[in-house]
Amino acid sequence: MRTRAVAVAGGVLAAVLALSACGGGAGARGASNDGAAGGGTASASPNPKSTSGDTVPSSGAETVSKELEYYIAHPAGEKTVALTFDDGPSPQWTPRILALLAKYNAHATFCEIGPEAQAAPGVVKQVLAGGNRLCDHSVHHNEAMSTRGLAYETNEIVGAKQMIEAAGGPGTQVSWFRAPGGDFTPEIRGISAKNGLRPLAWSIDTNDWKRPGVAAIVADVKKNVRPGSIILMHDAGGDRSQTVAALAQVLPWLIQQGYSVNFPDA
């Protein structure tokens, strides 16, 4: 049993994380939401889903699950944030993000789709070589996986974890599970914990998958960031040129503001 404090938006609500961790069919993900084809994935940054009572809160005043990591646990006043990237890895976009992270001596968590990792093991190894960490983001990116039953949910979580570990090579560790669309339920959280994965949500959704423009992505982060924020962006699932360009502005700005960029368990 491990207990962690979780800081919630605006200091309105505090929750305690208590998690015990041990060791292509119907519902497959479709093309990306920006219309890209070929290897694209459905977005993992929608509005809060109605399929689960544990979805991403729209404000700090709402009751949220005590078993989801929305915010980094950090000492009072410590300015630390976590960057997370979904739907990869992508041979085209992930290396560009890795280069920016290295430039600013920052690290991120990459929430990977099992088959995408399987198709690009070299990129998975690049993620690890840069000192970054891995997160399971399911096999098929089904944002309603909670409606499909225990066997399906288990395959989505465990199957993807095995694919990512195989792509990374011996000793590869996958630390978290992020449900597509934030579709977390007690059952899904339980499967995650039993397989050594901590459920990972987010507190800032940049909506970069919609390609709203570089300025809009940057402004979203600047407006909403606070110590402990977990920022959601994408390194695959379509054209991520705006994400890369926005990250090139966000990273130096965060550093100028005194933030360190680390992992959700920092």
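Predicted model only: the values in this text are computed from it and were never measured.
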> Taking all atoms of both residues into account, what is the closest heavy-atom pair of V261 and H107, and its distance?
Replying inline: CG1-O, 3.5 Å
>> Once rounded to the nearest 0.5 Å, what's the spacing between atom CD of Q249 and atom CD1 of I217?
In response: 10.0 Å
> Would you say the side chain of T243 lies within less than 4.5 Å of the side chain of W209, judging by non-hydrogen atoms?
Replying inline: no
> M145: what forms a side-chain contact (heavy atoms from CB on, under 4.5 Å) with it, not counting sequence neighbours?
Replying inline: N142, Y152, E153, E156, I157, F177, P180, D183, I188
> Does R178 reach the side chain of W202, with side-chain heavy atoms less than 4.5 Å apart?
Replying inline: yes
> About how many Å separate CD of E116 and CZ of F110, when rounded to the nearest 0.5 Å?
Replying inline: 14.5 Å
> Out of T206, N207, D208, which one pairs with H234 under the side-chain hydrogen bond (donor to acceptor under 3.5 Å, both in side chains) rule?
Replying inline: D208
>> Could you check whether any side-chain N or O of D239 sits under 3.5 Å from a backbone N or O of S241, counting only pairs where one atom can act as donor and the other as acceptor?
In response: yes
> Is the closest side-chain heavy-atom distance between T84 and C135 below 4.5 Å?
Replying inline: no
> Got a second to check how far N132's CG is from F263's CZ, nearest 0.5 Å?
Replying inline: 5.5 Å
>> Taking L98 as the starting point, is it possible to reach L251 by hopping between hydrophobic residues whose side chains are less than 4.5 Å apart?
In response: yes
> Can you name the residues that form a side-chain contact (heavy atoms from CB on, under 4.5 Å) with N155, not counting sequence neighbours?
Replying inline: none
>> Going by salt bridge (charged side-chain N to carboxylate O under 4.0 Å, His left out), name the residues that satisfy it together with R96, two or more places apart in sequence or in a different chain.
In response: none
> Is any side-chain heavy atom of E112 less than 4.5 Å from a side-chain heavy atom of V127?
Replying inline: yes
> So, do P227 and Y71 sit near enough that their side-chain heavy atoms are less than 4.5 Å apart?
Replying inline: no
> Between E69 and L200, is there a donor-acceptor pair closer than 3.5 Å when you use the side chain of the first and the backbone of the second?
Replying inline: no
>> Measuring from atom CG of L197 to atom CD of Q173, what distance do you get when rounded to the nearest 0.5 angstrom?
In response: 9.5 Å
>> I'd like to know if the side chain of R133 reaches the main chain of G131, judged simply by a donor and an acceptor atom lying under 3.5 Å from each other, with no hydrogens or angles considered.
In response: no
>> Tell me whether D87 is salt-bridged to R240, with the criterion being a basic N under 4.0 Å from an acidic carboxylate O.
In response: no
>> Treating W93 as the side-chain partner and G237 as the backbone partner, does any N or O pair qualify as donor plus acceptor under 3.5 Å?
In response: no
> What pair of heavy atoms forms the shortest contact from D235 to P89, and how long is it?
Replying inline: OD2-CA, 4.1 Å
>> Tell me the closest heavy-atom pair linking T80 and S260, and the distance in Å.
In response: OG1-OG, 3.2 Å
>> Evaluate L83 against I97 for side-chain contact (heavy atoms from CB on, under 4.5 Å), listing each step before the verdict.
In response: CA-CA 11 Å; L83 282 171; I97 289 172; over 6 Å; no
> Quick one: does S229's side chain have a donor or acceptor within less than 3.5 Å of a partner on I231's backbone?
Replying inline: no
>> Check this for me: N105, atom CG, are more than 12 non-hydrogen atoms of other residues, nucleotides or ligands nearer than 6.0 Å?
In response: no
>> To check you understand the geometry: which heavy-atom pair defines the closest contact between I164 and A117, and what is its length?
In response: CG1-CB, 3.9 Å
> Say you draw a straight line from CG of L68 to CZ of R198; how long is it, rounded to the nearest 0.5 Å?
Replying inline: 12.0 Å
>> If hydrophobic clusters are built from ILVMFWY residues whose side chains come within less than 4.5 Å, do V244 and L101 share one?
In response: yes
> Considering all heavy atoms of both residues, which atom of K161 and which atom of D136 are nearest to each other, and what is their separation?
Replying inline: N-OD2, 3.2 Å
>> I'd like to check W253 versus V225 (side-chain heavy atoms, cut-off strictly below 4.5 Å). Are they in contact?
In response: yes
>> Using modelled atom types and a 3.5 Å cut-off, is there a donor and acceptor pairing between side-chain atoms of S203 and backbone atoms of I230?
In response: yes
>> Using side-chain heavy atoms (C-beta onward) and a distance below 4.5 Å, is V221 in contact with M233?
In response: no
> V123 and L128: same hydrophobic cluster, using ILVMFWY side-chain contacts below 4.5 Å?
Replying inline: no
> What's the spacing between T109 OG1 and L134 CG if we round to 0.5 Å?
Replying inline: 8.5 Å
>> Give me the atom names and distance for the closest heavy-atom approach of A216 to P212.
In response: CB-O, 3.8 Å
> Does L232 offer a backbone N or O that forms a donor-acceptor pair with the side chain of D205 under 3.5 Å?
Replying inline: no
> For the hydrophobic clusters of this structure (ILVMFWY residues joined by side-chain heavy atoms under 4.5 Å, transitively), does one cluster hold both V218 and F85?
Replying inline: yes
> Any side-chain heavy atom of P115 within less than 4.5 Å of one from M163?
Replying inline: yes
